[in-house]
Amino acid sequence: LPTLPKRLIVVGGGYIACEMASIFHGLGCGVQLVYRGEQVLRHFDEEVARFVTHEMRGHGVQLQLNAQPKSIERLADGSLRLTAADGRHFDGDTVLMATGRVANTEGLGLDVAGVHTNGQGQVEVNARFETNVPGIYALGDVVGRLELTPVALAEAMALVDQLFGPAPGKTARTMDYENVPTAVFTHPAIGTVGLTEAQARERFAHIDIYRGDYRPLRHALSGSPSRELVKLIVDSASQRVVGLHMVGEDAGEIVQGFAVALKAGLTKDVFDQTIGIHPTSAEEFVTLRE
C-alpha cells in the first residue's frame with residue numbers, strides 16, 4: 001500500500017484475516033473485521049477462539065460477525081462502502097480480502113503432463129508425495145495438507161531422503177502431521193499444538209481439561225486489563241497430554257518448546273514434576289493442578 005489507510009475493512013475470519021486486523025490496528029488504523037460466520041478462527045479450539053475474540057475487541061478491533069459481504073462501492077469522497085446481505089454497511093478507505101487461498105497451479109501444464117488435480121487446483125499425491133505420473137512429485141501448500149512453511153520444508157526433507165537416502169549415520173526422515181505447532185500473530189497471540197478439545201472428545205473416551213485464565217503479573221504495574229489463557233487437554237486413560245493451547249504474549253515462543261514434550265508423548269505427571277520459571281507465563285503449564 002502506498003499509504004497507511006485510516007480505516008481498514010478486513011473481510012474473512014481465518015488466521016490471516018485476524019492477523020492483518022491486529023497488525024493494522026497496531027499501526028494506528030481503525031479496523032473492522034467483517035465475517036460471514038458467528039465465530040472467527042473456527043478451526044482452532046473453540047474456547048481459544050472465543051477468548052481471542054473477546055481480547056481483540058478489548059484492544060479496539062471491531063468484529064462484525066454474521067455479516068455476509070454482498071457488494072463494495074466507491075463513495076463520492078473516495079472511500080469504500082461494503083454492504084452485507086442483511087443491509088448493514090461498513091465504510092473504510094481500503095478493503096482487504098482474506099477469504100482463503102487456492103493452489104497456484106494454473107498455467108503449469110499439469111493437464112498436458114496428465115497430473116491429476118482436485119477441484120481446488122491442488123495436486124493429488126500419495127503418502128510419498130508421488131503424483132499419478134511417475135517421476136513427478138509435489139509437496140507444500142500446493143498439495144493442500146497443512147499450508148505452513150515449516151511443514152513444506154519438512155516434506156521436502158522427507159522426499160530428499162526418500163529419493164536419495166539419508167545422510168550418513170542418520171535415519172531417513174518421514175513426514176508426521178501429528179502435533180504440528182502453530183501460532184497466530186494476533187493481539188494477543190495464539191500458540192497451539194495437538195488436539196483441540198472437540199477433537200480430543202471425538203478420539204478418546206474420557207479427557208481431562210486443565211485451564212488457567214489470568215491477568216499477567218506484569219500488568220499489575222501497567223494497569224492493562226489484558227488477560228491470558230493456558231489450556232492442557234489430557235487423555236484420562238494414559239494421562240498423556242494430547243493438546244496444549246495458549247493465548248497471550250510470546251505464545252508462539254512458549255508453545256514451540258512445549259511442542260517437543262507433546263511429540264515425545266509426555267504425561268501430565270511429567271508436567272507436574274517440572275519446576276516452573278517464576279514469574280513467567282510459561283510456568284502456568286506446569287502448575288495446573290485442577
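As the structure is a computational prediction, the values presented were derived from the model and not from experiment.
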| Does CD in E38 sit with more than 12 non-hydrogen atoms of other residues, nucleotides or ligands closer than 6.0 Å? | no
Does the pair R240/D235 count as a salt bridge with the N-to-O cut at 4.0 Å?
no
- Query: Can Y15 be reached from V255 by stepping across I, L, V, M, F, W or Y side chains whose heavy atoms are under 4.5 Å apart?
  - Reply: no
### Message
Check this for me, if you would: do K70 and D86 make a salt bridge, where the nitrogen-to-carboxylate-oxygen distance has to be below 4.0 angstrom?
### Response
no
- prompt: Does G114 offer a backbone N or O that forms a donor-acceptor pair with the side chain of N132 under 3.5 Å?
  reply: yes
| message | Is there a side chain to side chain contact (heavy atoms under 4.5 Å, CB included) between V234 and V242? Walk through the geometry before answering. | response | CA-CA 6 Å; V234 179; V242 296; over 6 Å; no
Is any side-chain heavy atom of T192 closer than 4.5 Å to one of M246? no
d(L108 CG, L110 CG) to nearest 0.5 Å is 5.0 Å
Please check if L4 and V31 belong to a single hydrophobic cluster, counting links between Ile, Leu, Val, Met, Phe, Trp and Tyr side chain heavy atoms closer than 4.5 Å.
-> yes
Testing the 3.5 Å rule here: is there a donor-acceptor pair between the side chains of Y214 and R227? no
Between the CD1 atom in I209 and the CG atom in L232, the distance rounded to the nearest 0.5 Å is 9.0 Å
Smallest heavy-atom separation, I233 atom then L195 atom, equals CD1-O, 3.4 Å
Fill in: D208 versus S236, side-chain donor and acceptor atoms under 3.5 Å
yes
CG of L244 to CG of L266, rounded to nearest 0.5 Å, is 11.5 Å
Nearest heavy-atom contact between P69 and V11 is CG-CG1, 3.6 Å
Original post:
Are any side-chain N or O atoms of E228 and backbone N or O atoms of E249, one a donor and one an acceptor, separated by less than 3.5 Å?
Top reply: yes
- request: For L41 and V48, run side chain to side chain contact (heavy atoms under 4.5 Å, CB included): C-alpha distance rounded to whole Å, both residues' side-chain angles, the deciding distance at 0.1 Å, then the answer.
  value: CA-CA 9 Å; L41 299 170; V48 167; over 6 Å; no
* Asked: Where the side chain of Q273 meets the backbone of V270, is there a donor-acceptor pair that is under 3.5 Å apart?
  -> no
In this structure, CD1 of I207 is separated from CD of E202 (nearest 0.5 Å) by 10.5 Å
Any side-chain heavy atom of D272 sitting closer than 4.5 Å to one from R289? yes
| message | Just checking I277: does its CD1 atom have more than 12 heavy atoms from other residues, nucleotides or ligands closer to it than 6.0 angstrom? | response | no
Exercise for review: Decide yes or no for F185 and I190: does some side-chain heavy atom of the first lie under 4.5 Å from some side-chain heavy atom of the second?
Suggested key: no
Here the pair of heavy atoms bringing H187 nearest to S22 is N-OG, 3.1 Å
Side chain of N126, backbone of F129: donor and acceptor closer than 3.5 Å?
yes
Cut-off 3.5 Å, side chains only: do D269 and T267 have a donor facing an acceptor? no
| With side chains defined as the heavy atoms from C-beta onward, is the minimum distance between F24 and V10 less than 4.5 Å? | no
- Going hydrophobic residue to hydrophobic residue with side-chain gaps under 4.5 angstrom, can you get from M97 over to I16? no
Got a sec: does the CZ of F164 have more than 12 other heavy atoms crowding it under 6.0 Å?
-> no
Original post:
Are T186 and E19 close enough that a side-chain donor and a side-chain acceptor fall under 3.5 Å?
Top reply: no
For I9 and F90 the tightest heavy-atom approach is CD1-O, 3.2 Å
Would you find a donor on one side and an acceptor on the other, under 3.5 Å apart, between the side chain of Q39 and the backbone of A49?
yes
Does a side-chain N-to-carboxylate-O contact under 4.0 Å join R7 and D91?
no
If Ile, Leu, Val, Met, Phe, Trp and Tyr residues are connected whenever their side-chain heavy atoms lie under 4.5 Å apart, and connections chain through other members, are V102 and V143 in the same group?
no
For R173, is there any backbone N or O sitting under 3.5 Å from a side-chain donor or acceptor partner on D161? yes
**Asked** How about V125 and V123: do any of their side-chain heavy atoms sit closer than 4.5 Å?
**Response** yes
Handout entry: Within 6.0 Å of CD in E147, more than 12 heavy atoms from elsewhere
Key = yes
May I ask you to test the L75-L80 pair for a side-chain heavy-atom distance under 4.5 Å? no
*Could you please spell out the steps behind the side chain to side chain contact (heavy atoms under 4.5 Å, CB included) verdict for L33 and C18?*
CA-CA 8 Å; L33 190 151; C18 292; 4.1 Å; yes
d(C29 SG, I23 CD1) to nearest 0.5 Å is 11.0 Å
Note to self: When you compare the side chains of H89 and T83, does any donor N or O come within less than 3.5 Å of an acceptor on the partner?
What the structure shows: no
> Considering only heavy atoms from C-beta outward, does the side chain of I254 approach that of S281 to under 4.5 Å?
Replying inline: yes
Nearest heavy-atom contact between N66 and R88 is O-NH2, 2.8 Å
* Mark yes when over 12 heavy atoms from residues, nucleotides or ligands other than Q199 sit less than 6.0 Å from its CD; otherwise mark no. => yes
* Strictly by modelled atom types, are T117 and Q122 linked by a side-chain donor-acceptor pair under 3.5 Å? -> no
*asked:* With a 6.0 Å cut-off (strictly less than), is the heavy-atom count around CG of N104, excluding the residue itself, greater than 12?
replied: no
Requested in this report: State yes or no: are the ring centers of F285 and F258 separated by less than 6.0 Å?
Outcome: yes
task: Could you verify whether a donor N or O on one side chain and an acceptor N or O on the other, from Y35 and Q68, lie under 3.5 Å apart?
output: no
Are L288 and V286 connected in the hydrophobic side-chain network, where two residues link if heavy atoms are under 4.5 Å apart?
-> yes
| message | Would the distance check show the side chain of H206 and the main-chain N or O of A237 forming a donor-acceptor pair, the cut-off being under 3.5 Å? | response | no
Here the salt bridge (charged side-chain N to carboxylate O under 4.0 Å, His left out) pairs for residues 39-65, sequence neighbours left out, are D45-K231, E46-R50, E47-R211, E47-K231
Separation between OG1 (T99) and CZ (R36), nearest 0.5 Å, reads 8.0 Å
For K6 and D93, the nearest pair of non-hydrogen atoms, with its separation, is N-OD2, 3.3 Å
Under 4.5 Å between any side-chain heavy atoms of T131 and H116, yes or no? no
Residues passing the side-chain contact (heavy atoms from CB on, under 4.5 Å) test with D176, sequence neighbours excluded, are E178, K263
When you look at T274 and F271, which way does the side chain to side chain contact (heavy atoms under 4.5 Å, CB included) test go after all the steps?
CA-CA 5 Å; T274 302; F271 276 65; 5.5 Å; no
With a 3.5 Å distance limit and no angle check, can you tell me whether E155 reaches the backbone of G140 through a side-chain donor-acceptor pair? yes
